[in-house]
Each structure stands twice: as structure tokens, then as C-alpha cells.
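In what follows, residues are counted from 1 in the order of the sequence shown. This structure is a prediction, so every number in the text was calculated from the model and none was measured. Values below: every heavy atom of this structure, side chains too, minus hydrogens, waters and symmetry copies.
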Amino acid sequence: ANRLSECGISGNVTVNVPNGPYNEQVVFNTIPGSGPSALVTINGNGNILTANTDATNRFVLRVANVSYLTIDDLVIQQGTFTTGWMGIQLYNSASNVTISNCNIPTTAPSTSGSVAGIIGNGDPTSFITGGTFSNIRITENTVTGPGKGIQLYGLDANLATGLEIDHNTVNETGSDGIFFSATSGTLVHDNTVNFRLGDGIEIYQDNTNAHVYNNLISATASTSTGTVRGMYVSTTTTGTKAYNNLVWKINATGANVYGI
């Protein structure tokens, strides 16, 4: 990661991760020369990346101010952590970035909104500070057990565009399975979400023209005694279309249950 940022690139680059596991925090910073004809692909080959994190550095893998990067086929595992945890963090800004085929399990199910599998935000520690994002695809990942499964915050003054979240499996989340805020034209489709608490998919504030379709949403082992919603759409969103979704098996006998 450091060598890419220090030396830059002049064409397509594929990095094959050799046999792990690896116990370290990894940061990808701006890669000079990257662009449509100079893509960087990190092929994880199913290797394990883990790290002990603290309240200041909560991530295992961080992508900061990077464009034209694909992270594929890594296993991101929790080490010990204190306050908050991020498996993969898109930090501050990112464009034309794909996160695919990664497996992100937590050591134990969490109900904290400060424990996330994959997150895009604009602050090292605050999970609700937005960032500048465009053309982000999160696809075919498996996330198990965090409070937030997949979450992205754009900026109210600069909505995130080109966000696509598709074909992921998100299990046992304790706050939201999939969550996005301050985006325009987001596509969320063909995901399987089985959550425990909170919402399966949350279309939060200041989203415009989102399409949410072909998702399978359930809560087969909910422990909630509060409110459980298969899908939640904020009143500040506009142009949202939700169709061909199946919300079923909401087994939360002690909760107030809403399909949408």
C-alpha cells in the first residue's frame, strides 16, 4: 500500500496477496497516476487480514482519498478493539472504487452503531460524518455480526453519486443491515439481509432517486423488544423507488414490527 502511494503507477496494476494471515492495519492513500487506464486491483486470494484497533484508529483496512481501486477476496477479521470498529473504511473521499468478494465476520454479534463491516464516511472516528464519494460499488461480500453491515454517508451539500450495493449477504446485524444517507441515484439490489435489531435496509436522510429492489430481508432470530423494520425510508428522501423486495420471517414476537 505504501509503495503504491509513494511511487505511483502508469498502467493497470494487480497486486496478488501471498499466503497470510496478516496482523496489521493497512491504509491505501492517494495513488498518483491512477485513472481509467491505470486501475489498481488488490487480489486478496482469500487471505486473512486482522488487527487490534483503538479508539483513534478503528479500522482494519482504510481506503483514503483513492480512485480507481478494487479490493477483492479478502477476509477481514476483528482483533481486540476498544471504542468502535470498522472492517473496511472508505475514508474522506473515494471514486471508482469496488469492494468485492470480501468476508467480514465479527467475533461476536454487536448492537453498536459504531461497529461496521464496510463503511464510507468522512471522519476517523465519527460514523455519521459524511464524505465525498462517487462511483462506489460494494458487491458480493459477506458481512456477519456488526451493528452496521454496510453503511455510506455522503454530504448534504455534495451528495454521493454512482453508489451501487448489490449481491451482498449481510447477517446478524444489530442496528442496520444496509444504510445510506445523502446520496443521489443509489442502487441497492439483490442483497440478502438477515438482521437481529433495528432495520434491514435503511434509506436515511437526504437521499434522492434511490432504487431498492430484488432484496431478500428477514429477521429470523431477532431479540428486539423495540421496533423492527424490514425497510425504513426517511421522510427527507425524494424519488425513492422500492420494488420487488421480499420482507419475510420477521420473528420478533416482543417487538413492534413493520415491513416497510
Side-chain angles (χ1 to χ4, degrees), residues 75-78 81 84-88 99-120 127-128 138-153 163-181 183 186-205 207 210-237 240-260:
V75 178
I76 307 293
Q77 292 186 348
Q78 275 184 335
F81 68 98
W85 183 83
M86 310 173 193
I88 298 176
I99 308 296
S100 58
N101 298 305
C102 292
N103 183 10
I104 307 173
T106 59
T107 53
S110 175
T111 61
S112 172
S114 295
V115 175
I118 300 172
I119 182 172
F127 281 56
I128 61 173
I138 301 171
T139 182
E140 296 187 341
N141 303 284
T142 299
V143 180
T144 305
K148 302 278 190 179
I150 298 170
Q151 172 178 314
L152 189 135
Y153 264 97
L163 173 63
E164 184 171 10
I165 302 172
D166 66 283
H167 295 92
N168 300 283
T169 299
V170 181
N171 291 319
E172 298 184 50
T173 51
S175 180
D176 293 295
I178 296 172
F179 174 105
F180 56 101
S181 178
T183 73
T186 291
L187 304 177
V188 178
H189 62 92
D190 297 287
N191 300 285
T192 299
V193 178
N194 187 0
F195 66 108
R196 295 184 303 113
L197 301 168
D199 304 320
I201 296 176
E202 182 164 352
I203 307 163
Y204 196 53
Q205 296 175 348
N207 289 292
H211 285 240
V212 181
Y213 59 95
N214 294 351
N215 299 287
L216 179 63
I217 304 168
S218 61
T220 58
S222 176
T223 57
S224 178
T225 57
T227 298
V228 170
R229 299 172 291 208
M231 189 182 302
Y232 173 76
V233 183
S234 170
T235 57
T236 64
T237 65
T240 297
K241 295 182 178 180
Y243 51 94
N244 294 340
N245 299 287
L246 177 60
V247 179
W248 72 323
K249 292 187 177 179
I250 306 295
N251 299 332
T253 57
N256 297 314
V257 176
Y258 300 87
I260 299 177

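The aromatic rings of Trp85 and Phe81 are tilted relative to each other, their planes meeting at an angle between 30° and 60°.
For the residue pair Thr106 and Ala108, the shortest heavy atom distance occurs at OG1-O, 3.0 Å. For the residue pair Val193 and Gly200, the shortest heavy atom distance occurs at CG1-O, 3.6 Å. The shortest heavy-atom contact between Thr139 and His167 is OG1-CB, 4.3 Å. Closest of all the heavy-atom pairs between Val115 and Phe127 is N-CE2, 3.9 Å.
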**OP:** For side-chain contact (heavy atoms from CB on, under 4.5 Å), just list the numbers for Ile203 and Val212, CA-CA rounded to whole Å, side-chain angles, deciding distance to a tenth of an Å, and then say yes or no.
**Re:** CA-CA 9 Å; Ile203 307 163; Val212 181; 3.6 Å; yes
Subject >> Stepwise side-chain contact (heavy atoms from CB on, under 4.5 Å) test for Val188 and His211 >> reply: CA-CA 6 Å; Val188 178; His211 285 240; over 6 Å; no
**OP:** Verify side-chain contact (heavy atoms from CB on, under 4.5 Å) between Ile88 and Met86, making sure each step is shown before the conclusion.
**Re:** CA-CA 6 Å; Ile88 298 176; Met86 310 173 193; over 6 Å; no
Subject >> Test side chain to side chain donor-acceptor pair (under 3.5 Å) applied to Gln205 and Ser181, step by step >> reply: CA-CA 5 Å; Gln205 296 175 348; Ser181 178; 5.5 Å; no
**OP:** Give the C-alpha distance, both sets of side-chain angles, the deciding distance and a yes or no for side-chain contact (heavy atoms from CB on, under 4.5 Å) between Val170 and Phe195.
**Re:** CA-CA 8 Å; Val170 181; Phe195 66 108; over 6 Å; no
Subject >> Step-by-step side chain to side chain donor-acceptor pair (under 3.5 Å) determination, Ser222 to Ser224 >> reply: CA-CA 6 Å; Ser222 176; Ser224 178; 4.8 Å; no
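Taking CD1 from Ile104 and CD1 from Ile76, the interatomic distance works out to 6.0 Å, rounded to the nearest 0.5 Å. To the nearest 0.5 Å, the span separating CG on Asp176 from CZ on Arg229 amounts to 8.0 Å. Going from atom CG of Leu197 over to atom OG of Ser175 covers 8.5 Å, rounded to the nearest 0.5 Å. In this structure, the separation between NE2 on His189 and CG on Asp166 is 4.0 Å, given to the nearest 0.5 Å. Rounding to the nearest 0.5 angstrom, the gap separating the CD atom in Glu140 from the SG atom in Cys102 is 11.0 Å. Separation of atoms CD1 (Ile150) and CD1 (Ile178) is listed at 5.0 Å; rounding is to 0.5 Å.
Under the side-chain hydrogen bond (donor to acceptor under 3.5 Å, both in side chains) criterion, the residue pairs touching residues 244-260 are Asn215-Asn245, with sequence neighbours excluded.
With a 4.5 Å cut-off on side-chain heavy atoms, Leu187 and Ile165 do not count as touching.
Scanning for salt bridge (Lys or Arg N to Asp or Glu O under 4.0 Å) contacts around Arg196 gives an empty result, with sequence neighbours left out.
No more than 12 heavy-atom neighbours from other residues, nucleotides or ligands sit within 6.0 angstrom of CD1 on Ile128.
For an aromatic pair to be called close, the ring centres must be under 6.0 Å apart, and Phe179 with Tyr153 satisfies this.
Put simply, the side chain of Thr240 never gets that close to the backbone of Thr237: no donor and acceptor are under 3.5 Å apart. Between the side chain of Gln151 and the backbone N or O of Ile119 there is no donor-acceptor pair closer than 3.5 Å. A distance-only check finds no donor-acceptor pair linking the side chain of Asn207 to the backbone of Thr186 [under 3.5 Å].
The only option from Thr220, Asn171, Thr144, Thr169 that meets the side chain to side chain donor-acceptor pair (under 3.5 Å) definition with Asn194 turns out to be Thr220. Across Thr142, Asp190, Thr192, Asn141, a single residue satisfies side chain to side chain donor-acceptor pair (under 3.5 Å) together with Asn168, and that is Asn141.
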